[in-house]
Amino acid sequence: EPTETNASFMARILGPSANKAGLQSTDKAMITRVIYEASKGTPFFENERRKDQALCGRIERLLEKRKQLEGRDLTHIRKLVDMDWRQLEAERDLSQTIVHVDMDAFYAAVEELDNPELKTKPMAVGVGAMDDGRKYGIRSAMPGYIAKKLCPELIILPLNGAKYKHGARAVVACALTCPSTPAYLNITNYMKETGMTAEQVTQQIRQEIRMLTNAYQTSGQSKHQICSDINKPNGQYMLANDRDTIMAFVRDMPIRRLNGIGRVTEQLLNALGVHTGNDMHEQRVILKLLLSPKSFEFISRAALGLGRTDLSIQYDRKSISVERTFRNMSDVQQQMDMLDKIATKLAANLERKEIKGATITLKLKRSDFTVLSRSRSLAQCIFTADDLYFYGKQLLVEEQPIDIRLMGLRLSSLQDMRSK
DNA sequence: ATACATACC
DNA sequence: AACTGGTATGTAT
């Protein structure tokens with residue numbers, strides 16, 4: 001039986017399955033036990049415990065800092081924040097209509113196109129799981145061997161990147177360059193040109209996607225990119241371009257739903273009594289004092305329901321990398337061979353993308369799951385497998401002896417292959 | 001600027 | 001017996 005008393009640690013190990021709505025409590029208990037028994041005592045498990053302890057320490061220090069502020073007059077801070085927020089409010093842009101397209105279990109849907117028989121069977125692709133599997137307690141990113149314990153008849157298919165890329169191209173040439181990432185489409189001009197409503201445009205997108213791939217998909221409309229996950233699956237949700245509607249929407253929104261708030265930040269904010277958008281509002285003064293400027297700006301924008309409305313800004317790639325996980329490896333020669341493989345793969349990717357870079361980073365994960373990285377900035381850009389191997393080797397030699405389960409090579413400070 | 005770690009999707 | 005590849009941010013030097 002699970003004997004852990006630390007709630008945040010259990011949440012970390014179990015994921016959201018344990019609290020999944022629609023599951024019987026006996027099922028939940030069973031799922032909890034299976035996952036716990038399968039994880040207990042593994043190096044991964046112990047590393048998660050370390051990470052959780054670090055988080056608990058951070059939370060303690062945060063609460064201590066808050067205690068120091070008790071009884072202080074913070075009126076001036078409040079005025080500062082309110083001024084700040086009035087400024088943000090003034091920049092609110094309600095003129096754009098944006099559709100958020102998210103294809104749930106996209107890989108699985110593509111596989112079902114190839115093999116319709118799979119539709120009636122529990123099936124997962126790679127280590128991820130599709131919706132149907134979730135009633136067994138299987139969740140995204142759960143390792144296959146645990147998923148199999150929860151559902152022995154589960155069919156796990158290997159990932160086929162090229163296939164999904166092709167599927168995504170077929171879906172919407174307009175925006176889905178990466179099949180696993182949701183797409184944001186600014187349809188403001190399209191609506192003007194066609195005279196269609198946002199609902200009609202979205203309906204059209206959904207129909208085209210269904211025709212081309214039969215993929216399961218979810219779509220919401222939002223100026224503010226926080227409507228996803230509502231009405232899943234096959235749902236469509238319209239958030240009106242109206243301040244009151246948006247503020248009401250944000251008010252009760254659990255912070256974890258915000259793109260950018262993950263497990264750790266959720267725990268940190270929860271410890272400060274912040275669970276919803278409204279809590280952000282109420283705790284704004286203390287958050288201003290406890291969080292970094294960047295974090296507070298993020299919170300501010302979220303609390304006011306402000307999202308990106310200019311989707312035309314395009315980003316340049318900042319880095320490119322290759323990493324591989326393997327069985328624990330301590331032999332130096334074996335490690336050098338692995339480095340060679342990875343350098344060759346990275347060089348091939350660099351050639352394809354026609355880029356080179358001046359900063360090389362070696363990433364290692366020890367057999368106890370702790371991660372380290374070592375980097376070096378060079379006077380000149382490199383791109384050949386030989387050079388990547390040469391500088392990677394220098395970094396790797398420095399760490400000997402070391403027992404590792406993952407190695408990665410990353411190149412940053414990138415430049416176009418043609419330049420200089 | 002650079003190095004390293006962490007969080008997130 | 002717990003992935004990969006990318007971005008952003010915080011902190012120290």
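Just so it is clear, the structure is predicted and the values come from calculations on it, not from any experiment. Chain letters run A, B, ... following the sequence lines, proteins first, then strands; residues in each count from 1.
Residue order along DNA chain C, read from the 5' end via each residue's closest nucleotide, puts A/Ile13 first among A/Arg324 and A/Ile13. Both A/Val322 and A/Phe369 sit near DNA chain C, but only A/Phe369 has its closest nucleotide nearer the 5' end.
One interatomic measurement links the two molecules: CG of A/Leu406 to C1' of C/dC3, which rounds to 9 Å at whole-angstrom precision. Between A/Arg366 atom CZ and B/dA5 atom C1' there is a gap of 12 Å when expressed in whole angstrom units. Look at CZ on A/Arg58: it is 10 Å from P on B/dT6, rounded to the nearest Å. For A/Asn259 and C/dT7, the CG to P distance is 16 Å, given to the nearest whole Å. At whole-Å resolution of the value, CZ in A/Arg376 and C1' in B/dC4 are 17 Å apart. One can place CZ of A/Arg327 at 11 Å from C1' of C/dA1, the figure rounded to the nearest angstrom. Distance, A/Tyr36 OH to C/dA1 P: 18 Å, rounded to whole Å. The CZ-P distance, from A/Phe326 to C/dC3, rounds to 12 Å in whole Å.
Under 4.0 angstrom from either OP1 or OP2 of C/dA1 there lies no side-chain N or O belonging to A/Thr42. Phosphate contact (OP1/OP2 of B/dA7, side-chain N/O of A/Lys51, threshold under 4.0 Å): absent. Residue A/Ser373 places at least one side-chain N or O closer than 4.0 Å to OP1 or OP2 of B/dA5. Proximity of A/Ser295 to the phosphate of C/dG10: a side-chain N or O atom is located under 4.0 Å from OP1 or OP2. Look at A/Arg256 and you'll find a side-chain N or O under 4.0 angstrom from OP1 or OP2 of B/dC9. Within the structure, every side-chain polar atom (N or O) of A/Arg405 is placed at least 4.0 Å from both OP1 and OP2 of C/dA1. Contact between the side-chain N/O atoms of A/Thr361 and the OP1/OP2 oxygens of B/dC4 is not found at any separation under 4.0 Å. Dashed line: the shortest gap from a side-chain N or O of A/Arg410 to OP1 or OP2 of B/dA3 is not under 4.0 Å. In this model, the phosphate group of B/dC8 is approached by a side-chain N or O of A/Thr265 to a distance below 4.0 Å at OP1 or OP2.
With hydrogens and angles ignored, the 3.5 Å screen pairs no side-chain donor or acceptor of A/Lys393 with any backbone N or O of A/Asp340. Listed for the A/Gln96 side chain is no donor-acceptor partner under 3.5 Å among the backbone atoms of A/Asp310.
Nearest to the side chain of A/Phe44, among C/dT7, C/dC3, C/dA2, sits C/dA2. Checking B/dA3, C/dT7, B/dC8 against the side-chain heavy atoms of A/Ser377 singles out B/dA3 as nearest. For A/Lys318, taking side-chain heavy atoms from C-beta onward, the closest of the listed nucleotides C/dG6, C/dC3, C/dA8 is C/dA8. Taking every side-chain heavy atom of A/Lys294 into account, C/dG10 is the closest of C/dT7, B/dA5, C/dG10. Distance from the side chain of A/Tyr145 is smallest to C/dA1 among B/dA3, C/dA1, B/dC8. The listed nucleotides are C/dA2, C/dG6, B/dC4; the one nearest the side chain of A/Ser321 is C/dG6. Each of B/dC8, C/dA2, C/dT4 was ranked by its minimum atom distance to the side chain of A/Arg263; first place goes to B/dC8.
Salt bridge status for A/Arg49 with A/Glu46: present, with a side-chain N to carboxylate O gap under 4.0 Å. The pair A/Glu89-A/Arg92 meets the salt-bridge criterion, with a side-chain N (NZ, NE, NH1 or NH2) lying under 4.0 Å from an Asp/Glu carboxylate O.
Across all strands shown, A/Arg12 has no heavy atoms under 4.0 Å from either base or sugar-phosphate atoms. At a threshold of 4.0 angstrom between heavy atoms, the contacts of A/Ile261 are confined to the sugar-phosphate backbone, with no base atom among them. Nucleic acid contact class of A/Lys148 (heavy atoms, under 4.0 Å, all strands): none.
Rounding to the nearest 0.5 angstrom, the gap separating the CD1 atom in A/Ile299 from the CD atom in A/Gln283 is 11.0 Å.
For a distance-only test at 3.5 Å, the side chain of A/Ser39 qualifies as a donor-acceptor partner of the base of C/dA2.
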Next on the checklist: Evaluate A/Gln204 against A/Tyr190 for side chain to side chain donor-acceptor pair (under 3.5 Å), listing each step before the verdict.
Outcome noted: CA-CA 12 Å; A/Gln204 181 180 303; A/Tyr190 188 77; 3.0 Å; yes

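Ring pair A/Phe45/A/Tyr36 is perpendicular by interplanar angle, where above 60° counts as perpendicular and below 30° as parallel.
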